[in-house]
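Shown next, in structure tokens, is the structure this report addresses.
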Protein chains: 2
Amino acid sequence: MATARAIGGPCQAWPAESAFIREVLDRIGDKWSVLVISTLDVGPLRYSDLQASIPGISQRMLTVTLKALERDGLLTRTAYPEVPPRVEYALTGLGRSLVGAVMTLANWAATHHEDVAASRRDHERTGVGRQKSARAV
Amino acid sequence: MATARAIGGPCQAWPAESAFIREVLDRIGDKWSVLVISTLDVGPLRYSDLQASIPGISQRMLTVTLKALERDGLLTRTAYPEVPPRVEYALTGLGRSLVGAVMTLANWAATHHEDVAASRRDHERTGVGRQKSARAV
DNA sequence: CAGGATCCTGGAGGATACTG
DNA sequence: CAGTATCCTCCAGGATCCTG
């Protein structure tokens, strides 16, 4: 696996990169962005299709999310001047590259979710009391 | 209503992985987890060192975050029964593997943040009016 | 159809004070 | 030192209604 050391020095480090990673995490960390871009990864869709493809999303959040993603250059909005209005959303190359990066995390999740689940079960069985103790030096 | 009706409805993507990826994103998407694990990636640290290494974190959030990460098996807590209490936190193998996965995103951020920034500038220059339009089919 | 404008609430998260 | 307990604020995000 690739070691993390690539980024600057120790803790205080992450000179400015921490800002970049936070931007990305703020975007994909929210409730809907990843669902939207992964849905669009299949192909362009219109507003109502997105809403139907993403159960539980409100119009407000769909609109807000789409605007944010468009603003960041991750997708494009194309309005067709027809009589029943039609608007299509499509990933940009940048957006697709982000989907690829997120897939790495998805793979991690798929590979290790059982470990995480096991750890959680262990910690809830043993309650709060379970702590690793060590002898004094 | 609509009780998060099982994934796999209209959306043909990501069968059940969407649940796993959400777990991961809920964890690393929050404000502090990534900072904590990346700080610990350098080596084990005690509570006060973590607090000092992560400017702006409150004791509450440090404690909450550490507990969550420990619960998920990403780090271990070791209390040394000494007179001034000493507690050390260290990443597990699982935790380190997650850091590696997150680094992929960090690299994406470092590579593409300029594109994103440019897109944002463009969208704020042109205001809301900037939209791609297309002729009717 | 594709949103915009409002109102409202839960819960993430900060500040502070206290304790084993 | 390493937390716990409490209070309080703020805003992400859902629900609802309106419009070009």
Side-chain angles (χ1 to χ4, degrees), chain A residues 22 25-36 40 44-71 75-90 127-134 136-137, chain B residues 1-4 22 25-36 40 44-71 75-90 127-134 136-137:
Chain A
R22 267 257 57 83
L25 288 173
D26 282 345
R27 173 114 325 288
I28 68 168
D30 74 3
K31 206 171 174 181
W32 302 112
S33 292
V34 168
L35 282 164
V36 168
L40 283 177
L45 286 176
R46 40 203 300 195
Y47 189 88
S48 49
D49 293 332
L50 278 168
Q51 192 163 20
S53 296
I54 306 176
I57 197 171
S58 59
Q59 316 118 322
R60 192 181 113 86
M61 287 321 294
L62 180 53
T63 302
V64 168
T65 303
L66 287 171
K67 277 191 175 172
L69 294 175
E70 186 197 5
R71 183 166 164 279
L75 57 79
T76 58
R77 191 194 109 113
T78 310
Y80 297 87
E82 299 174 354
V83 160
R86 179 162 62 100
V87 178
E88 280 200 343
Y89 293 90
V128 189
R130 180 66 184 153
Q131 299 170 358
K132 196 166 95 181
S133 54
V137 285
Chain B
M1 43 196 238
T3 33
R22 267 256 56 83
L25 288 174
D26 282 345
R27 174 116 322 290
I28 67 168
D30 74 7
K31 206 171 173 182
W32 302 112
S33 291
V34 168
L35 281 164
V36 168
L40 284 176
L45 286 176
R46 42 203 300 195
Y47 189 88
S48 49
D49 293 333
L50 278 168
Q51 193 164 18
S53 297
I54 306 175
I57 196 170
S58 60
Q59 315 115 320
R60 192 181 111 85
M61 287 321 294
L62 180 54
T63 301
V64 167
T65 303
L66 286 171
K67 279 191 174 171
L69 293 174
E70 186 196 6
R71 184 167 165 280
L75 57 78
T76 59
R77 192 194 109 113
T78 310
Y80 296 87
E82 299 173 354
V83 160
R86 180 162 61 101
V87 178
E88 280 200 345
Y89 293 89
V128 189
R130 178 69 182 150
Q131 297 170 359
K132 198 167 92 179
S133 54
V137 287

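Note: hydrogens, waters and symmetry copies are ignored here, and every other heavy atom, side chains too, is used. Lettering follows sequence order; numbering is per chain, from 1.
Distance, B:Q51 CD to D:dA2 P: 10 Å, rounded to whole Å. One interatomic measurement links the two molecules: CD of B:E70 to P of D:dA2, which rounds to 15 Å at whole-angstrom precision. Going from atom CH2 of A:W32 over to atom C1' of D:dA12 covers 12 Å, rounded to whole Å. Atom CZ in B:R77 sits roughly 16 Å away from atom P in D:dC1 (whole-Å rounding). In this entry the distance linking CE of B:M61 with P of C:dA12 reads 9 Å, nearest Å. To the nearest angstrom, P of C:dA5 lies 16 Å from CG of A:L62. Rounded to whole angstrom, the span from the CG atom of A:L50 across to the P atom of C:dC1 amounts to 14 Å. In this structure, A:Q59 places its CD atom 13 Å from P of D:dC18, rounding to the nearest Å.
Closest approach of B:Y47 to B:L66, counting heavy atoms only: CD1-CD1, 4.0 Å.
Ranking D:dG3, C:dG3, D:dA2 by closeness to the B:R86 side chain, first place goes to D:dA2. Which of C:dG13, D:dG3, C:dA2 sits closest to the side chain of B:K31 comes down to C:dG13. Comparing C:dG3, C:dG14, D:dT4 by their nearest atom to the side chain of B:T63 picks out D:dT4. When distances are taken from the side chain of B:R60 to each of D:dT4, D:dA2, C:dG14, the shortest belongs to C:dG14.
When side chains are defined from C-beta on, B:I54 does not count as touching B:Q51, because their heavy atoms never get closer than 4.5 Å. A 4.5 Å side-chain heavy-atom check between B:R27 and B:L69 finds at least one atom pair inside the cut-off. Looking at B:I57 and B:K31, their side chains never come closer than 4.5 Å, going by heavy atoms from C-beta outward. Counting heavy atoms from C-beta outward, A:V64 and A:W32 have side chains that stay 4.5 Å or more apart.
Of the side-chain N and O atoms in A:S48, none sit less than 4.0 angstrom from OP1 or OP2 of C:dC1. The side chain of A:K67 places no N or O atom within less than 4.0 Å of a non-bridging phosphate oxygen (OP1 or OP2) of C:dG3. Applying the 4.0 Å criterion to OP1 and OP2 of C:dG4, one finds that A:Y47 has every side-chain N and O outside that range.
At a threshold of 4.0 angstrom between heavy atoms, the contacts of B:R46 are confined to the sugar-phosphate backbone, with no base atom among them. Within the 4.0 angstrom heavy-atom criterion, base atoms lie near B:P85.
The residue among A:S58 and B:D49 whose nearest nucleotide of DNA chain D lies closer to the 5′ end is B:D49.
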